[in-house]
Amino acid sequence: MTIQPDLLQGLNPAQREAVETVDGPLLIVAGPGSGKTRVITHRIAHIVHQYGVHPYRIMAATFTNKAAREMQDRLQRLVGTRAELLSVGTFHAFCARLLRRDGEAMGLNRNYSIFDTDDQVSAIKQAMELAEVDPKGHTPRAVLGVISRAKNVLTDSRGLASRAENYFEETAARVYHHYEEIMVRNNAVDFDDLLMRSVQLLEEYRAVREQYQERFVHVMVDEFQDTNVAQYRLARLLAGDRQNICVVGDPDQSIYSWRSADIRNILSFQRDYPSCKTISLEQNYRSTSNILDAAQSVISNNRQRLDKGLFTENGDGVPVYAHETYNEEDEAGYVIGEVDRLVRERETKAGDCAIMYRVNAQSRALEEACLRRGMKYRLVGGVRFYQRKEVKDLMCFLRLVHNPLDEVSLMRVINVPPRGIGAKSVSLLTGWARDEGVPTYTAMQRILGARREGQPCPVNLPRRAANSIADFANLVEEMANLSVQLPPSELIGEALELAGFRQYYQNADGRAADRSDGQRPEERWENLMEMRETAREFDAEDPADGLASLLERISLVAEVDNYEESEDSLTLITLHQAKGLEFPVVFIVGLEEGILPHYRSIETDAQSGTEAQVEEERRLCYVGMTRAQQRLYLLRAFRRGFMGSSGPTNASRFLQEIPEDVLASPEQSRPAVVSTPRSTRQGTVQTRMPDAPAPPAKPAPGIGETVRHSSFGEGVVIDCIAIPGDHEVTVHFAGSVGIKRLLLSYAPLEKVPGDIL
DNA sequence: TCCTCATAACTTTTT
DNA sequence: GTTATGAGGA
């Protein structure tokens with residue numbers, strides 16, 4: 001093995017030390033932009049080249065599939081094609097494969113279904129019914145929350161029952177017990193089970209444990225501050241007695257405590273591995289010092305934290321802009337206008353800009369502003385692709401084919417597309433199955449069997465319904481046979497045809513095929529086609545495993561995973577999803593009390609008498625701010641719509657935590673109106689579009705400017721929209737002429753200088 | 001059995 | 001301004 005000479009080159013001393021510390025437990029505290037990914041990849045490459053460890057023996061857990069893919073790509077370049085043998089992926093993906101391969105040891109059939117949150121809710125509703133808990137008293141989601149939190153600290157229903165502290169937890173424990181049974185009956189696991197059952201498998205089955213401990217010589221965990229107890233336990237189990245475990249994280253970027261992430265894992269690590277070495281990466285290579293200073297001054301207000309000595313040699317850069325607009329629409333208009341200006345002035349490309357927000361609902365105003373201005377954008381998140389109705393329907397159908405015990409899927413697709421098996425028939429069918437003590441699918445097969453042998457239907461069902469059920473059972477059976485022969489994309493093709501999806505969505509006679517959420521049937525069909533395309537990725541696999549791989553992928557993708565950087569369009573993204581990304585230009589919108597920090601957090605803190613939640617919101621703000629490389633804009637609206645109505649807002653406390661000297665003062669900043677966050681004079685704050693520079697033809701006027709038209713006279717520009725190759729200017733002319741929409745390139749318009757409304 | 005319309009209830013962040 | 005649920009009609 002030869003050393004790759006460049007592996008240590010260009011690293012600062014701390015980074016270098018991290019790369020070279022190979023044996024034994026290692027904790028890397030990595031501030032934002034400190035070259036963390038570089039360190040991890042180089043460390044892995046170093047282990048492979050310098051120590052001759054086979055890539056197959058290295059496991060690295062990432063937070064998202066996208067991060068995994070990036071790491072994988074970089075490693076390809078550092079260690080070549082053997083990088084494919086590395087186990088790089090999310091804990092969930094790793095566990096899914098672990099359980100598929102070795103879960104049989106603990107009685108888990110390898111065709112198990114992975115339930116997402118919606119499926120879990122269905123299962124919980126059933127469990128609540130069995131436990132005779134009134135869903136009006138406790139919402140299924142609340143109960144699910146308790147159960148999920150229990151699972152994330154590796155507590156089963158018995159454990160929860162024994163430690164329940166109040167009536168609600170006792171109730172939840174009872175539901176949990178039924179839920180566990182339902183999951184077994186369905187041959188299904190949920191997201192939390194993937195982790196918990198993997199831990200159980202490794203802990204209770206020595207042979208399996210030893211096999212994996214033998215294999216993995218090095219274990220690394222990225223984003224360690226966002227791991228939960230189960231994930232940490234898993235990492236420890238895999239590392240075993242060798243203790244070659246390296247975790248990388250930043251407590252200031254811990255933003256997933258609501259998903260049971262536990263910063264205390266970092267303390268536990270130091271306790272569990274007393275010999276561990278700690279290395280801090282403190283030089284920031286990403287942001288200007290203005291941006292870093294602003295972010296630092298915000299995060300320093302957290303009481304539960306250790307101060308770090310972050311610094312950068314990147315120079316001051318431009319000031320951080322804080323801007324207040326009248327309302328949400330103005331905020332969106334301002335941001336899009338500013339992106340447009342930066343692009344036109346060739347400061348940046350649209351693809352270099354990102355707008356970040358606390359809640360998905362905030363994206364709507366931004367999208368509308370983009371549409372109005374003709375700005376190309378890319379929305380990350382929102383309604384997730386795999387949660388769309390038609391996509392989920394197809395997926396459940398495939399899941400049923402793969403695992404007929406999956407009754408959640410069965411119930412979802414038994415009459416979708418409509419095939420004459422209504423609610424009444426379904427309940428007769430499931431009732432009979434329950435009486436017979438068999439899975440519903442088995443009951444359906446019996447009905448089919450009876451028909452095949454010309455015998456009467458064994459249940460008292462209307463003849464038509466019994467026939468439809470037999471047909472459906474027959475269909476699933478046929479598909480199951482095909483599923484082990486056909487590559488996944490062809491299997492989907494058959495499913496669309498045979499299950500009636502195509503006919504349903506491509507209905508030529510114009511009968512409305514389910515427009516429930518305002519989506520066009522063609523759009524739904526396109527989504528199904530897209531899914532078939534995705535499936536092609538798995539066509540090369542052995543057909544016997546293809547479907548399982550496809551289902552696993554579909555169940556475990558996050559929205560950021562599909563995010564492609566190459567496309568040159570503006571990014572709209574939640575602050576949570578922005579973690580791990582960076583952009584030259586970042587806008588954070590909605591810096592108001594109630595949005596960031598979110599009122600739920602403020603409320604929870606008030607109830608518990610702590611600051612824990614608001615501190616997490618502050619970290620979220622910090623994560624957003626530190627995504628910015630060159631320009632950071634902080635936006636706030638004076639009025640914001642709230643469930644229909646709109647009301648005045650207060651500036652976020654985080655805004656006030658930024659010192660004035662890194663912020664733009666009004667006369668410095670390009671946008672004409674920048675008020676300090678404290679001033680909230682109603683009505684006087686008005687958004688004005690930034691001045692347009694000189695594009696090829698005529699300069700586009702800013703909103704509020706006065707222009708003269710050769711025949712209409714003088715008027716005030718009230719809107720200016722960029723359209724391909726031109727601008728559409730809306731002008732309010734004096735007198736009886738009124739409002740006119742004009743194309744800038746044709747209209748005989750000229751600016752009246754120095755005259756601003 | 002299935003679709004349409006009305007109303008009620010609610011909005012944090014996601015593997 | 002949304003999305004889940006229910007009643008009634010085709």
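Remember, it's a predicted structure, so these values are computed and weren't measured experimentally. Chain identifiers are assigned alphabetically (A, B, ...) following the order of the sequence lines, protein sequences preceding nucleic acid strands; residue numbering begins at 1 within each chain.
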Exercise. With heavy atoms under 4.0 Å as the rule, sort Thr117(A) into base, sugar-phosphate or nothing.
Key: base
Quiz item: Relative to Tyr256(A), does Arg259(A) satisfy both conditions: NZ or CZ under 6.0 angstrom from the six-membered ring centre, and within 45 degrees of the ring's axis?
Solution: yes
Quiz item: CZ of Arg364(A) versus C1' of dT3(C): gap in Å, rounded?
Solution: 13 Å
Exercise. Select one nucleotide: of dT1(B), dT13(B), dC2(B), the one nearest the side-chain heavy atoms of Asn415(A).
Key: dC2(B)
Practice problem: Go through the N and O atoms of the side chain of His598(A) and the base of dT12(B), and report whether any donor-acceptor pair is under 3.5 Å. | Solution: no
Exercise. Rounded off to whole Å, could you give me the CD-to-P distance for the Glu616(A) and dT13(B) pair?
Key: 14 Å
Quiz item: What is the nucleic acid contact for Phe91(A), judged by heavy atoms within less than 4.0 Å: base, sugar-phosphate only, or nothing?
Solution: nothing
Quiz item: Which one, dT15(B), dT13(B), dC3(B), comes nearest to the side chain of Thr574(A)?
Solution: dT13(B)
Quiz item: Gln577(A) has a side chain; which of dT13(B), dT14(B), dT15(B) sits nearest to it?
Solution: dT14(B)
Practice problem: Name all residues meeting the side-chain hydrogen bond (donor to acceptor under 3.5 Å, both in side chains) criterion together with Arg264(A); count only those two or more places apart in sequence or in a different chain, and write none if there are none. | Solution: Asp262(A)
Quiz item: With Phe224(A), which of Ile266(A), Ile263(A), Val248(A) fulfils side-chain contact (heavy atoms from CB on, under 4.5 Å)?
Solution: Ile266(A)
Practice problem: Could you list the residues that satisfy ring-ring contact (aromatic ring centres under 6.0 Å, His included) with Phe115(A), not counting sequence neighbours? | Solution: none
Quiz item: Please give, in whole Å, the distance from dT12(B) C1' to Leu144(A) CG?
Solution: 16 Å
Quiz item: If you pin Ile421(A) and Tyr256(A) to their nearest nucleotides in DNA chain B, which one's is more 5'?
Solution: Ile421(A)
Exercise. Measure distances between side-chain N and O atoms of Trp258(A) and base N and O atoms of dT13(B), and say whether any donor-acceptor pair falls under 3.5 Å.
Key: yes
Quiz item: When the P atoms of dA4(C) and dT13(B) are considered, how many whole Å apart are they?
Solution: 14 Å
Quiz prompt | Candidate nucleotides dT5(C), dT15(B), dT12(B), ranked by approach to the side chain of Lys125(A) - the nearest | solution = dT5(C)
